[in-house]
Amino acid sequence: MTETGIHYLDASGPEGMRLYAIGDVHGRHDLLAAMHRRIESELEYAPGSDWRIIHLGDYVDRGPDSKSVIDFLIEAQKRDPRNVMLAGNHDIGMLEFLANGEPDGLFMNYGGVQTAQSYGVDLLRDGHWFGKADAAARGHMALVKAVPRSHVDFLQSLAFSVSFGDFFFCHAGIRPGVPLDRQSRQDLIWIRDAFHDYPGLFSKVIVHGHTPVAEADVRANRVNVDTLAWKSGTLSALAVNGGDKRILTVQGKAL
């Protein structure tokens with residue numbers, strides 16, 4: 001576990017409220033649980049403080065245990081609604097696959113095999129793909145049966161953005177020139193270049209994931225905490241306490 005202070009980012013959280021924004025998890029239940037333990041141990045030394053733990057989406061796909069990640073998040077939110085869950089494009093992609101079984105969608109092409117395996121549904125036979133359409137049809141029927149209704153309800157309940165203090169949180173980023181309260185859901189979970197390449201300041205600092213970086217990328221207008229946790233074994237989070245900002249990381253096994 002490590003942390004790095006940020007002394008040059010001119011933004012603050014609400015007075016008396018600690019904020020923690022956790023990057024893309026992608027099926028790494030081990031890292032998510034470790035990050036929560038890290039945050040909880042910190043909060044124990046700040047009794048009476050208000051807080052929010054903001055999860056920036058992409059809970060499923062690619063990593064080995066998407067089912068346990070969703071179980072963990074559902075239980076965390078039941079314990080305390082100050083655990084805030086935002087939607088990522090992969091989370092919406094899973095919902096879309098459950099609804100229509102699309103063989104060429106995000107789910108089938110980018111990590112849905114691992115998600116299905118975590119629910120006990122195997123899209124592989126003897127180490128080889130079925131034909132894609134056949135795999136999608138078989139997988140769709142089996143996965144609809146295997147995924148608990150509570151998981152579907154959870155995915156459908158995800159917000160697309162939230163704001164506290166000088167920070168705006170979303171999965172992917174925002175469309176420059178569009179007010180924060182008028183951003184499209186598509187941009188909030190998918191945007192890249194138009195957002196990344198924008199040199200100016202926004203009305204708030206945007207905290208996001210979606211685009212993997214070797215280590216958390218802190219800029220004047222945005223903070224990216226997607227450190228490819230599913231593969232690198234490093235899950236990152238932004239911690240804000242008033243004007244104090246830090247990057248927290250937990251380490252696990254790289255895949």
Side-chain angles (χ1 to χ4, degrees), residues 1-4 6 9 19-36 38-39 53-66 69-70 72-73 84-94 106 109-112 114-115 158-162 167-175 183 185-198 202 204-240 245-255:
M1 299 180 186
T2 62
E3 66 177 67
T4 304
I6 304 169
L9 183 62
L19 303 174
Y20 300 89
I22 301 175
D24 303 35
V25 175
H26 278 304
R28 290 299 298 262
H29 171 256
D30 57 333
L31 298 178
L32 178 62
M35 180 63 80
H36 268 254
R38 168 71 177 85
I39 293 170
I53 301 176
I54 303 149
H55 305 78
L56 296 174
D58 276 7
Y59 311 119
V60 303
D61 296 351
R62 293 180 167 147
D65 208 350
S66 294
V69 167
I70 295 180
F72 182 95
L73 294 173
V84 178
M85 321 307 182
L86 301 182
N89 58 312
H90 282 262
D91 311 311
I92 301 304
M94 179 177 172
L106 175 67
N109 286 317
Y110 295 98
Q114 290 82 0
T115 298
L158 297 174
F160 285 77
S161 66
V162 69
F167 296 93
F168 180 90
F169 304 87
C170 60
H171 176 64
I174 66 166
R175 176 74 54 182
Q183 293 288 322
R185 290 184 173 186
Q186 182 78 0
D187 282 336
L188 290 169
I189 64 172
W190 276 106
I191 199 168
R192 280 201 168 104
D193 291 348
F195 170 59
H196 295 164
D197 295 343
Y198 185 73
F202 303 112
K204 293 180 182 282
V205 174
I206 312 303
V207 184
H208 67 99
H210 185 55
T211 302
V213 287
E215 60 184 25
D217 184 8
V218 182
R219 306 193 181 198
N221 60 359
R222 62 183 181 90
V223 179
N224 181 359
V225 288
D226 178 6
T227 47
L228 199 65
W230 74 272
K231 186 175 183 180
S232 71
T234 300
L235 179 64
S236 298
L238 172 68
V240 178
K245 283 86 62 178
R246 294 164 293 134
I247 296 295
L248 309 180
T249 62
V250 294
Q251 304 278 86
K253 183 180 179 180
L255 299 183

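Hydrogens, waters and symmetry mates play no part in the numbers below; they use all other heavy atoms, side chains included.
- The shortest distance between side-chain heavy atoms of Tyr110 and Asn89 does not fall below 4.5 Å.
- In this pair, His55 and His36 present their aromatic rings parallel. The plane angle is below 30°, not in the 30 to 60° band.
- The closest donor-acceptor contact from the side chain of Thr227 to the backbone of Thr234 lies under 3.5 Å.
- How far CZ of Arg28 is from CZ of Arg62: 14.0 Å, rounded to the nearest 0.5 Å.
- The shortest side-chain heavy-atom distance between His90 and His26 falls under the 4.5 Å cut-off.
- In this structure, the side chains of Asn224 and Arg219 stay at 4.5 Å or more apart for every pair of heavy atoms.
- Using modelled atom types, one finds no donor on one side chain facing an acceptor on the other under 3.5 Å when comparing Asp65 with His29.
- Using a 4.5 Å heavy-atom threshold, the side chains of Phe72 and Tyr59 count as separate.
- Minimum heavy-atom separation, Arg38 to Val250: CB-CG1, 4.3 Å.
- The NE2 atom of His196 sits 3.5 Å away from atom OG1 of Thr211, with the distance rounded to the nearest 0.5 Å.
- With values rounded to the nearest 0.5 angstrom, Ile22 atom CD1 is found 8.5 Å from Leu56 atom CG.
- Panel note: side chain Asn221, backbone Tyr198; a donor-acceptor pair is recorded below 3.5 Å.
- In this structure the side chain of Ile174 reaches within 4.5 angstrom of the side chain of Leu188, judged on heavy atoms.
- Rounding to the nearest 0.5 Å places CG of Asp226 at 9.5 Å from CG of Leu235.
- In terms of heavy atoms, Ala172 sits closest to Asp187 at CB-O, 3.9 Å.
- For Arg185, the CZ atom is loosely surrounded, since the number of other residues' heavy atoms within 6.0 Å does not exceed 12.
- Closest heavy-atom contact between Cys170 and Ile206: SG-CG2, 3.9 Å.
- Here the shortest heavy-atom pairing between Asp24 and His171 reads OD2-CE1, 3.2 Å.
- Between Ile92 and Trp190 the shortest side-chain heavy-atom distance does not fall below 4.5 Å.
- By the 4.5 Å heavy-atom criterion applied to side chains, Val25 and Leu31 are not counted as neighbours.
- Nearest heavy-atom pair, Asp61 versus Ser66, reported as atom, atom and distance to 0.1 Å: N-OG, 3.0 Å.
- Atom CG of Leu9 sits about 7.5 Å away from atom CG of Leu238, to the nearest 0.5 Å.
- Pairing each heavy atom of Ile54 with each of Leu19, the nearest pair is CD1-CD2, 4.5 Å.
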- [ ] Tell me, with the steps shown, if Ile247 and Val225 meet side-chain contact (heavy atoms from CB on, under 4.5 Å).
- [x] CA-CA 8 Å; Ile247 296 295; Val225 288; 4.3 Å; yes
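- Counting heavy atoms from C-beta on, the side chains of Trp230 and Gln114 never come closer than 4.5 Å.
- Atoms CG and NE2, from Asp58 and His210 in turn, are 7.5 Å apart once rounded to the nearest 0.5 Å.
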